[in-house]
Amino acid sequence: MIKSITDAVTLANGVEMPRLGFGLADVPDGDPVIRAVGWALEAGYRLIDTAAAYGNERGVGWAIRRSGLRREEVFLTTKRSNADQRAGRVVEGFETSLARLGVEYVDLYLIHWPVPGKYVETWKTLKQIYHSGRARAIGVSNYLVHHLQDLAQRAEIVPMVNQVEFHPRLQNPPLQHYCRERHIQLEAYSPLMRGGVVEVPELAEVGRKYGKTPAQVTLRWILQKGVVTIPKSVHRERILENANIFDFELAEEDMATIDRLDQDLRTGAHPDTFDL
Ligand SMILES: NC(=O)c1ccc[n+]([C@@H]2O[C@H](COP(=O)([O-])OP(=O)(O)OC[C@H]3O[C@@H](n4cnc5c(N)ncnc54)[C@H](OP(=O)(O)O)[C@@H]3O)[C@@H](O)[C@H]2O)c1
């Protein structure tokens with residue numbers, strides 16, 4: 001049973017990654033991000049997910065330093081932007097991220113999107129960054145099975161993590177299967193369907209059985225599927241609500257009810273058609 005906010009998965013290279021993290025897309029740099037990260041760390045979250053493209057790496061680094069936690073107590077993820085990938089500036093982009101965050105290493109470095117014609121080359125550069133010791137783990141984001149198969153044929157290291165949109169309405173069973181077989185840790189972004197889970201009656205119904213909200217049962221369902229997740233909120237009460245999921249366990253029948261909600265429905269862009 002997953003009992004604590006610090007419970008972790010072990011990645012293929014032995015690095016421990018917390019199962020529940022905190023996402024920061026669309027949170028402006030400065031006070032908003034500093035406040036949100038501060039509340040999340042206070043609530044016990046130990047995985048913080050940012051990206052060069054979110055423009056808030058400076059505030060994230062500042063909030064972590066201000067928390068009084070030691071650097072090694074926080075699992076920090078950032079991602080390479082598509083612009084740097086297109087321009088072949090992956091190492092420079094990585095160094096800019098480290099400087100903005102004010103850290104000497106990140107725990108996980110991801111390729112944000114599979115830019116066509118570029119992502120294999122970018123992956124090889126990430127491998128160099130990994131071997132330099134400045135990223136404890138490396139991975140990809142928005143990769144479908146065909147992207148992973150392409151990488152497998154053309155590169156040596158298998159990504160340790162694949163961060164994708166994943167929630168009750170978008171479950172992509174073939175991708176889940178592919179990642180499980182190859183020890184690629186799946187990480188769910190937009191786990192709350194960007195707030196849309198509150199409108200799904202079946203989630204409210206399952207929640208009533210446990211005295212939990214639709215957001216809480218959704219996050220618990222994701223964790224029980226062995227997937228890491230990073231809900232975002234800029235409201236303290238929701239940050240606490242989303243972390244209050246370690247005192248119950250969904251029964252098999254309720255897991256199955258949520259499994260049946262899959263409609264292959266995205267709230268964000270499709271990796272094959274996204275305008276990169
Ligand atoms: N790799 C990628 O391409 C990619 C793409 C998208 C996202 N991500 C990452 O994944 C993280 C999470 O995804 P997301 O931000 O797209 O969506 P999300 O976490 O599914 O949903 C966030 C939205 O739901 C609301 N919310 C939060 N907690 C709630 C609750 N308990 N009840 C009702 N509504 C709630 C938030 O509002 P308030 O903030 O107003 O509370 C916000 O509008 C991002 O922040 C980012 O770190 C990565």
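Values below: every heavy atom of this structure, side chains too, minus hydrogens, waters and symmetry copies. Numbers here simply count residues along the sequence, with the first being 1. Note that ligands are numbered from 1 as they come in the structure, with each ligand's atoms numbered from 1 the same way.
Counting only heavy atoms of the protein, atom 20 (O) of ligand 1 lies nearest to Leu192 N, 2.7 Å. For atom 11 (C) of ligand 1, the closest non-hydrogen atom on the protein side is Ile230 O, 3.2 Å. Among all non-hydrogen protein atoms, the one lying nearest atom 16 (O) of ligand 1 is Ser190 OG, 2.8 Å. Looking only at protein heavy atoms, the nearest one to atom 24 (O) of ligand 1 is Gly195 N, 3.3 Å. For atom 22 (C) of ligand 1, the closest non-hydrogen atom on the protein side is Lys232 O, 3.4 Å. When only non-hydrogen protein atoms are considered, atom 28 (N) of ligand 1 lies nearest to Asn242 ND2, 3.0 Å. Closest to atom 23 (C) of ligand 1, if we only count protein heavy atoms, is Arg194 C, 3.6 Å. Distance from atom 7 (C) of ligand 1 to its nearest protein heavy atom, with residue and atom name: Tyr189 CD1, 3.5 Å.
Counting the atoms of ligand 1 from 1 in the order shown, those under 4.0 Å from a heavy atom of Ala215 are 30 (C), 31 (N). Close approach of ligand 1 to Pro231 is summarised as follows: ligand atoms under 4.0 Å from at least one heavy atom of the residue are 19 (O). Atoms of ligand 1 lying under 4.0 Å from at least one heavy atom of Met193, given by number and element, are 20 (O). Each of the following atoms of ligand 1 lies closer than 4.0 Å to a heavy atom of Val198: 33 (C). Below 4.0 Å from some heavy atom of His112 lie the following atoms of ligand 1, by number and element: 1 (N), 2 (C), 3 (O). The atoms of ligand 1 that sit less than 4.0 Å from any heavy atom of Asp49 are 9 (C), 46 (C), 47 (O). If you number the atoms of ligand 1 from 1 as listed, the ones under 4.0 Å from a heavy atom of Ala25 come out as 44 (C), 45 (O), 46 (C), 47 (O).
Side-chain contact of Gln85 with Thr122: a donor-acceptor pair under 3.5 Å is present, judged by distance alone. In the model, Gln163 has no side-chain atom that pairs as donor or acceptor with a side-chain atom of Asn142 under 3.5 Å. With hydrogens and angles left out, the side-chain atoms of Trp221 and Asp259 include a donor and acceptor closer than 3.5 Å. Tyr189 and Lys232 share no donor-acceptor pair across their side chains, judged by distance under 3.5 Å alone. With no hydrogens or angles considered, no side-chain donor-acceptor pair links Thr229 and Glu187 at under 3.5 Å.
Residues Glu156 and Lys127 are paired through a salt bridge, judged by an N-O separation under 4.0 Å between the basic side chain and the carboxylate. Looking at Arg71 and Asp107, a side-chain N of the basic residue comes within less than 4.0 Å of a carboxylate O on the acidic one, giving a salt bridge.
Considering only residues two or more places apart in sequence or on other chains, Glu73 meets the salt bridge (charged side-chain N to carboxylate O under 4.0 Å, His left out) condition with Arg70.
Heavy atoms of Asn142 found under 4.0 angstrom from ligand 1 belong exclusively to the side chain. By the criterion of a heavy-atom distance under 4.0 Å, neither the backbone nor the side chain of Val164 is placed next to ligand 1. At a heavy-atom cutoff of 4.0 Å, ligand 1 is contacted by the side chain of Arg238 but not by its backbone. Counting heavy atoms closer than 4.0 Å to ligand 1, residue Glu241 contributes side-chain atoms (C-beta onward) but none from N, CA, C or O.
Under a 4.0 Å heavy-atom criterion, Tyr54 is in contact with ligand 1. Remark: distances from the non-hydrogen atoms of Pro191 to ligand 1 include one below 4.0 Å.
Not less than 6.0 angstrom separates the ring centroid of Tyr119 from the ring centroid of His112.
Asp29 contributes a side-chain N or O that, together with a main-chain N or O of Gly59, makes up a donor-acceptor pair within less than 3.5 Å. Between the His235 side chain and the Glu237 main chain, no donor and acceptor come within less than 3.5 Å of each other.
Remark: of the listed residues Ile34, Thr50, Thr78, Thr50 is the sole one forming a side chain to side chain contact (heavy atoms under 4.5 Å, CB included) with Val60. Shown are Val158, Val161, Ile184; of these, the side chain to side chain contact (heavy atoms under 4.5 Å, CB included) with Cys179 is made only by Ile184.
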